[in-house]
Amino acid sequence: MAGLAVWAGIVVDGSSLDTKRNLELNQITSARMSSRWGFSNKSRMKMAGKRIGPDVSPSVSAVLSRIQSVRPSLGPAGQRIADFIVQNPQDVVHMSVSEVAERTGASEGSVVGLCKSLGATGFQQLKIVLAQESVRPVQFIHEDLEPRDDAATVIRKIFQSNVQTLHDTQSTLDVGALARAVRVIKKAKRVEIYGIGSAAPIAEDAHYRMLRIGLDAKAVIDSHIQAISASLTGPSVAVLTVSHSGSTHETVTATRLAKEAGAKTICITNFGKSPIQAFADVVLFTMARETNFRTEAMTSRLAQLAIIDVLIACLALTDYDKAVDTIKHTFDVLSLKRF
């Protein structure tokens, strides 16, 4: 396996992908999405020669045609949302549900409601359908890659992207917000950290780092346990939630439940409007140029870890002697694990 890289379950040798397997997966996905959205592959082929606007592909046209067909039955807010999506399909792919709601003067619930009336499970699935053709498939792997990039090019592009993300996050991070987060955590008797999916290992790393400086903390990465634990918090608890999109149902729900229970809530999320911010007392923004239609975070993880590093260092410095003593003690304990 030397020299191979694994991306999203696909083994890449620098020159070719498992084309047959990818074709099979695309056919399965296409069939499932076509069935849900009410147009067949045959009907899509009939539309191959038709276009709506200069930059809209046939399958996107099918989605937009469906939106236009249901528009007359929608209320004023629904019609504004429908018009915005039809006029800006490529922009919508990169927007959060909160941003679409803000741009159309509607509620997030109205946006999600329109998506469900079209047969989608929610806004995320609508974006995936739009992105299938309006976004190049390679962008689901990484935004800067081209299908024929060799290993050296991939290394250069991904490292440059990661470095740029860290620089952008440094310039975006609000010093005042970070100071408030430190005060909230220091004042709390206990810290709970929530993360789902790719944010789960970030939450676990924050848990580990807090233990090393003597804080009473726990990471909760199961959505059911998150909901239960959040509802049992209170004013003496600080909650730290990690969510790149800020739109994941599980973490938004857990953060809301914690806030309703009286806990102080801190959120690490990407810059821009998102539902989770309505339930956060303190927001720490990353600035990752990661597309919202891809469900797995890549560069954003580095930005999240960098903010965790800064947060832990600031917490340690507020009680320097205790932090140093605890680090020394835990280092001695961990030395028993090494030969």
Within the supplied structure, the quantity of interest is the number of heavy atoms (other residues, nucleotides, ligands) at a distance under 6.0 Å from R103 CZ; does it exceed 12?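 Check fails, neighbour count at 12 or below.
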Do [X] and [Y] come close enough that some side-chain heavy atom pair is under 4.5 Å?
X: I266; Y: R180; value: no
X: L173; Y: L284; value: yes
X: L240; Y: I308; value: yes

Can you name the closest pair of heavy atoms from A263 and V239 and give their distance?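 Between these two residues, the closest heavy atoms are CB-CG2, 4.2 Å.
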For a quick check under 3.5 Å, do N162 and T299 share a side-chain donor-acceptor pair by atom type?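 On atom types as modelled, these side chains do not qualify, holding no pair under 3.5 Å.
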Distance-only polar pair, side chains of Q124 and S247, donor-acceptor under 3.5 Å: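 Side chains of Q124 and S247: no pair found under 3.5 Å.
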Salt-bridge test for D281 and K259: reply yes if a basic N is under 4.0 Å from a carboxylate O, no otherwise.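 Salt bridge: yes.
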Where the side chain of D222 meets the backbone of I225, is there a donor-acceptor pair that is under 3.5 Å apart?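 Yes, because the side chain of D222 sits within donor-acceptor range (under 3.5 Å) of the backbone of I225.
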T255 (side chain) donor-acceptor with T251 (main chain) under 3.5 angstrom: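 Between the backbone of T251 and the side chain of T255 there is a qualifying donor-acceptor contact (under 3.5 Å).
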I need the single residue from D168, N270, T169 that forms a side chain to side chain donor-acceptor pair (under 3.5 Å) with T286. Which is it?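 That would be N270; it is the only one of D168, N270, T169 passing the side chain to side chain donor-acceptor pair (under 3.5 Å) with T286.
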Distance-only criterion, 3.5 Å: show the donor-acceptor pairs between side-chain atoms of residues 108-117 and protein atoms not counting sequence neighbours.
{"from": "E108", "atom 1": "OE2", "to": "S98", "atom 2": "OG", "distance (Å)": "2.6"}
{"from": "S110", "atom 1": "OG", "to": "S107", "atom 2": "OG", "distance (Å)": "2.9"}
{"from": "S117", "atom 1": "OG", "to": "L114", "atom 2": "O", "distance (Å)": "2.6"}

Ring pair (Phe, Tyr, Trp, His ring centres under 6.0 Å) contacts touching residues 268-288 (sequence neighbours left out):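 Passing the test, one end in residues 268-288: F271-F285.
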Let me check something: any side-chain donor-acceptor pairs from residues 202-210 under 3.5 Å, sequence neighbours excluded? List them with distances.
{"from": "H207", "atom 1": "NE2", "to": "A217", "atom 2": "O", "distance (Å)": "3.0"}
{"from": "Y208", "atom 1": "OH", "to": "R212", "atom 2": "NH1", "distance (Å)": "3.2"}
{"from": "R209", "atom 1": "NH1", "to": "D309", "atom 2": "OD1", "distance (Å)": "2.5"}

Taking L211 as the starting point, is it possible to reach L315 by hopping between hydrophobic residues whose side chains are less than 4.5 Å apart?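 Shared cluster, no.
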